[in-house]
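Take a look at the structure set out below.
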Number of protein chains: 2
Amino acid sequence: MRISQLADATGVGIPTLKYYLREGLLHAGEAESATRASYDASHVERVRLVRTLIDVGRLSIERVREVVAALEHPPATRHELLGTAHDVLRAHDQPRLGSPADGIAPAAVGQVAALGAPPCADSPAARQLGLALTAASAAGWPISDHTLETWAGAMRTVAGQDIDAALAGTSSADALRYAIVGNVLTDPVIIALRRVAQEQLSAEMLGGTGGQFR
Amino acid sequence: MRISQLADATGVGIPTLKYYLREGLLHAGEAESATRASYDASHVERVRLVRTLIDVGRLSIERVREVVAALEHPPATRHELLGTAHDVLRAHDQPRLGSPADGIAPAAVGQVAALGAPPCADSPAARQLGLALTAASAAGWPISDHTLETWAGAMRTVAGQDIDAALAGTSSADALRYAIVGNVLTDPVIIALRRVAQEQLSAEMLGGTGGQFR
DNA sequence: AATAGTGGATAGCGCTACTATCCAATGTCA
DNA sequence: TGACATTGGATAGTAGCGCTATCCACTATT
């Protein structure tokens, strides 16, 4: 498969593919001669992965590079694997709110611990939660323990749906790709479902039989 | 309050404030003379709102302008209000996947309808859900009806937590700001909770008493 | 009178993610 | 054999976004 065919197969232009090659997002094709290389199904799959991460997940090129680096040297244990996936999916660095290393409020640390999660320093997910709680609080939107616990219960239900499949890949690289792509593609679904539920609840309160709004 | 004081109060530089004024994100101060205007608490609040939407919500300047425009002409009914908020919080336009108007797969339309949500064309949230389902499916990650229903139930729980407060603002503008800012600040919390739950479930399966993986 | 701050306008910058152009080497087809 | 297209590789340029810097005339303060 030539680069032009790779371009046709993926819908991505040749200059962009060359860019991805330069940036290390796409592994080189097998060189047949000085001016010829052949690409295969793995390249098609890789390009689709990159486009999904960029288009749907809004990951930067730099983040995507982290993903492919992880895929090429996947962590050995399943636990590290999920940590790697979550690390790559961490929130973007916020320009103004705190420095990257610290920035988690003590109260947020306590809330994270109260959920039974590992300490913020020990897991990407816990750290991300701490940062999100801190950001909300700093913006004048503190989240009560009760609300957080309710949400956490709901999200445990959500997580239960696909955690089996996420870690059941035949190889570490498969499982890692599964965990990353799965979260990237389904996070928007989760958020959209939240909005739909908000609208439904709102409609019930406003339009239900005798239901009056507050 | 002078512009320099506004800058001090918000941590945003004067050139940036001037930029926000130019772009219509920040309303003009009250002109006292040709070279003097005074700003008040409403400006401080507005700047903080803008920074929250940009830093935490990753909204573009254009989107923030939509938010501000909506705040200045808030919709009359509570139902329209939530629609406006959700419209502003819709996913970013994806460069490659489909045109903006259509692009929702028929199967996704059916799944949205099966949840009891309004048709995709009628509500921003339903439309966003349709798009997310379509994108996932196109990327080779179809979401089963069962999974979707489970997730929807969980998200109803989540939505129940703050829908009262979201619509209970004293004015339409307050309620609108509440709905927008609340979602912007808490979406990252929801997603982080999902990750934490994934790690907890994974740890239970891997490390529990006699628990074996898969 | 000197100075510093202001509103207003215009231009430039840094970054990201491409996109375009050029080149020599090679493959392809007449 | 020779014209022509394509390729890999390198380098440079572009578009858009979100600021940032500079300049100016004016005005309030000292």
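- Between A:L115 atom CG and A:M155 atom CE the span is 12.5 Å, to the nearest 0.5 Å.
- At a cut-off of 3.5 angstrom, counting only N and O atoms as typed in the model, there is a donor on one side and an acceptor on the other between the side-chain of A:R22 and the base of C:dT19.
- Summarising the local packing, CD of B:E30 is surrounded by 12 or fewer heavy atoms from other residues, nucleotides or ligands at distances under 6.0 Å.
- Rounded to whole angstrom, the span from the CG atom of B:D8 across to the P atom of C:dT6 amounts to 10 Å.
- The side chain of B:I61 has D:dG18 as its nearest neighbour among D:dA21, D:dG18, C:dG7.
- Whole-Å rounding puts the B:L53 CG to D:dC17 P distance at 18 Å.
- Along DNA chain D, the nucleotide closest to B:S60 and the one closest to B:R2 are compared, and the more 5′ of them pairs with B:S60.
- Distance, A:D55 CG to C:dA17 P: 12 Å, rounded to whole Å.
- At D:dG8, none of the side-chain N or O atoms of A:S33 fall inside 4.0 Å of OP1 or OP2 (strictly under the cut-off).
- Distance A:Y20 OH to C:dA17 C1': 8 Å, rounded to the nearest Å.
- Residue whose closest nucleotide on DNA chain C sits further toward the 5' end, between A:Y19 and A:A34: A:Y19.
- A salt bridge links A:R65 with A:E62: at least one charged nitrogen is closer than 4.0 Å to a carboxylate oxygen.
- Both A:M1 and B:K18 lie near DNA chain D, and the one whose nearest nucleotide falls closer to the 5' end is A:M1.
- Distance CZ (B:R63) to P (D:dG18): 11 Å, rounded to an integer number of Å.
- For the OP1/OP2 pair of C:dA24 and a distance below 4.0 Å, the side-chain nitrogens and oxygens of A:R36 include no atom meeting the criterion.
- Listed nucleotides C:dG5, C:dC18, C:dA25 differ in distance to A:R51; the shortest reach to its side chain belongs to C:dC18.
- In this structure, the CG atom of B:D93 is 11 Å from the P atom of D:dC17, given to the nearest Å.
- Protein atom CD of A:E32 is 13 Å distant from nucleotide atom P of C:dT26, rounded to whole Å.
- With contacts defined as side-chain heavy-atom distances shorter than 4.5 Å, the pair B:V158/A:Q198 does not qualify.
- Residues B:K18 and B:I3 meet the side-chain proximity criterion, which asks for heavy atoms closer than 4.5 Å.
- A:I14 places its CD1 atom 9 Å from the C1' atom of D:dT7, with the value rounded to the nearest Å.
- For A:T16, whose side chain is taken as the heavy atoms from C-beta onward, the closest listed nucleotide among C:dC18, D:dC19, D:dA21 is C:dC18.
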